[in-house]
Enquirer: 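First the structure, which I've put down as structure tokens, then a few questions once you've had a look.
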Amino acid sequence: MVRSPIKKEPDAVAITPFKRKLCTPLTKQKITVLQINLGRRCNLACTHCHVEAGPKRTEELSPEICEQLIEVINRFPQIESVDLTGGAPEMNYGFKLLVEAARDKGKEVIVRSNLTIFFEPQFEDLPEYFAQHQLRVVASLPCYLEENVDKQRGSGVYNASIVAIQKLNALGYGTDPKLQLDLVYNPALPKNEKFSLAPNQQKLESDYQTYLSERFEITFNRLFTITNIPIGRTKQYLQRQKLHNPYLKFLEENYNSTTVLQLMCRNELSVDYLGNIYDCDFNQMENLPATTRTGDRLTVAKLLEAGSLDVINEIKTAAYCYGCTAGSGSSCGGSLV
Ligand code: SF4
Ligand code: SF4
């Protein structure tokens with residue numbers, strides 16, 4: 001029997017270290033955003049998930065770290081926004097405690113919700129809870145077409161998301177200025193080297209508005225387009241397809257220096273469920289911790305001890321940072337320029 005030849009992996013193309021591309025070190029500005037990743041528990045297990053969350057994961061915030069975070073929220077008026085993510089943040093310990101502590105201090109609270117959580121037992125009250133506490137909801141809807149969403153997130157997710165948005169709309173989300181609902185688009189994972197960046201955010205927002213309003217009478221405030229960052233499951237997928245290095249090169253080739261001033265890592269702290277601090281959620285997932293000027297690893301306890309949030313000088317970067325600076329740029333709040 002003649003065996004088929006082994007496919008040769010293409011030679012890796014050199015990627016310019018991100019730090020070198022920047023020319024000057026990436027420094028922090030005053031911290032105004034506290035992003036908390038409450039844990040890995042999630043009712044979904046999406047193929048592109050950079051957190052590798054899912055129903056079988058059990059890691060979540062402990063009462064001790066939750067208390068420390070509440071102290072940070074209470075002690076530092078400079079925090080304008082508390083951004084809760086996960087997994088499904090609502091499923092993890094401390095969600096309501098953090099929401100209420102932050103809202104008591106008048107801070108904006110963002111919940112990054114997958115929407116389908118509204119239909120899980122014990123979570124049916126969430127839409128009303130969100131509205132009561134005026135949470136800003138940022139929800140993933142990677143396409144306005146059913147087939148594409150279900151391919152990425154699982155069968156039935158599109159319909160569940162639509163019904164969930166209709167529930168939020170009925171409570172005033174999307175129309176009441178105090179109840180903001182934003183949707184998130186991320187491109188499908190590439191199948192070959194024909195990579196593309198996320199489409200123009202404004203244009204796509206208008207397409208989403210038209211389609212969702214005509215089909216389902218849905219309204220929302222903003223659409224955020226987010227680039228697939230090559231970490232977590234996305235990285236594993238790209239590696240399996242032998243596309244990881246070419247994708248990084250593609251992102252590097254689309255480097256846009258004007259995005260750098262707007263990068264989300266400049267004014268945020270990202271906290272994991274163990275209380276460790278990172279410059280952003282992506283660094284958190286890749287275990288690239290933030291350090292002080294003297295090189296010490298930071299934790300929430302250390303910030304409280306220091307009595308300051310502004311103790312990081314240089315932001316830690318890696319090759320995947322090219323995902324944030326390609327084209328119009330990308331962040332948890334959509335395109336940057
Ligand atoms: S809903 Fe979000 S956190 Fe959960 S698996 Fe999907 S991408 Fe990951
Ligand atoms: S991944 Fe993006 S947000 Fe995170 S440190 Fe790099 S450039 Fe900043």
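Remember, it's a predicted structure, so these values are computed and weren't measured experimentally. Remember, it's 1-based here, ligands and their atoms both numbered in the order they're listed.
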Enquirer: Does ligand 2 have a heavy atom under 4.0 Å from the side chain of N283, from its backbone, from both, or from neither?
Expert: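 The answer is the side chain of N283.
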Enquirer: Could you tell me the residue and atom name of the protein heavy atom closest to atom 6 (Fe) of ligand 1, and the distance to it rounded to 0.1 Å?
Expert: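 Of the protein heavy atoms, C46 SG, 2.4 Å lies nearest.
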Enquirer: Can E314 and K19 be counted as an ion pair, charged N to O under 4.0 angstrom?
Expert: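 Yes, charged N to carboxylate O under 4.0 Å.
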Enquirer: Strictly under 2.8 Å, is any N, O or S atom of C321 next to atom 2 (Fe) of ligand 2?
Expert: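 Of the N, O and S atoms in C321, none lies under 2.8 Å from atom 2 (Fe) of ligand 2, which means no.
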Enquirer: Below 4.0 angstrom from a heavy atom of K316, which ligand 2 atoms are there? Numbered from 1 as shown, please.
Expert: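 Those qualifying, in numeric order: 5 (S).
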Enquirer: Given that the side chain starts at C-beta and the backbone is N, CA, C, O, which of these parts of C42 lies under 4.0 Å from ligand 1, counting heavy atoms, or is it both or neither?
Expert: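 C42 to ligand 1: side-chain contact only, backbone stays beyond 4.0 Å.
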Enquirer: Which protein heavy atom lies closest to atom 8 (Fe) of ligand 1, and at what distance to 0.1 Å?
Expert: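 Going atom by atom, the protein heavy atom closest to atom 8 (Fe) of ligand 1 ends up being C49 SG, 2.3 Å.
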Enquirer: If the cut-off is 4.0 Å to any non-hydrogen atom of C265, which atoms of ligand 2 fall inside it?
Expert: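 Answer for ligand 2: 3 (S), 5 (S), 8 (Fe).
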Enquirer: Under a 4.0 angstrom heavy-atom cut-off, which atoms of ligand 2 come close to C324?
Expert: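 Taking each heavy atom of C324 in turn, ligand 2 has 1 (S), 2 (Fe), 3 (S), 7 (S) under 4.0 Å.
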Enquirer: Note the single closest protein heavy atom to atom 4 (Fe) of ligand 2, along with its residue, its atom name and the distance in Å.
Expert: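 Heavy-atom neighbour on the protein nearest atom 4 (Fe) of ligand 2: C280 SG, 2.3 Å.
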Enquirer: Could you tell me whether E60 and R40 make a salt bridge, using a distance below 4.0 angstrom between a side-chain N and a carboxylate O?
Expert: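 Not counted as a salt bridge, because no side-chain N and carboxylate O are separated by less than 4.0 Å.
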Enquirer: List every atom of ligand 1 that sits less than 4.0 Å from any heavy atom of G87, numbering the atoms from 1 in the order shown and giving each element.
Expert: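 Atoms satisfying the 4.0 Å criterion: 3 (S).
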Enquirer: Looking at E80 and K107, is any side-chain nitrogen of the basic one under 4.0 Å from a carboxylate oxygen of the acidic one?
Expert: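 No, K107 and E80 are not salt-bridged.
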Enquirer: Would you mind listing which atoms of ligand 1 come within a distance below 4.0 Å of any non-hydrogen atom of L44?
Expert: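 Counting atoms of ligand 1 from 1, those under 4.0 Å from L44 are 1 (S), 5 (S).
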Enquirer: Is it the side chain (CB and beyond), the backbone, both or neither of S140 that lies under 4.0 Å from ligand 1, heavy atoms counted?
Expert: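 Near ligand 1, S140 shows nothing, with every heavy atom at 4.0 Å or more.
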Enquirer: Decide, yes or no, whether a salt bridge links K30 with D310 under the criterion of side-chain N to carboxylate O below 4.0 Å.
Expert: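 No, K30 and D310 are not salt-bridged.
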Enquirer: Taking only non-hydrogen atoms of R266, do any sit less than 4.0 angstrom from ligand 2?
Expert: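 For ligand 2, residue contact (heavy atoms, under 4.0 Å) with R266 is absent.
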Enquirer: For the residue pair Y129 and F95, does the interplanar ring angle fall in the parallel (under 30°), tilted (30 to 60°) or perpendicular (over 60°) class?
Expert: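 Because their plane-to-plane angle lies in the 30° to 60° range, the rings of Y129 and F95 count as tilted.
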Enquirer: Strictly by modelled atom types, are N43 and T116 linked by a side-chain donor-acceptor pair under 3.5 Å?
Expert: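 A donor-acceptor contact under 3.5 Å links the two side chains.
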Enquirer: Between R266 and D279, is there a salt bridge with N-O shorter than 4.0 Å?
Expert: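 Judged by the 4.0 Å cut-off on N to carboxylate O distance, D279 and R266 do not form a salt bridge.
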Enquirer: Starting from atom 2 (Fe) of ligand 1, locate the nearest protein heavy atom and write down its residue, its atom name and how far away it is, to 0.1 Å.
Expert: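 Sorting protein heavy atoms by distance from atom 2 (Fe) of ligand 1 puts R153 NH2, 3.7 Å first.
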Enquirer: Can you hop from Y273 to L269 via hydrophobic side chains spaced under 4.5 Å?
Expert: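 Cluster IDs for Y273 and L269 match.
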Enquirer: Taking 4.0 angstrom as the limit, do K302 and E305 come out as a salt bridge?
Expert: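 Looking at K302 and E305, the cut-off is not met.
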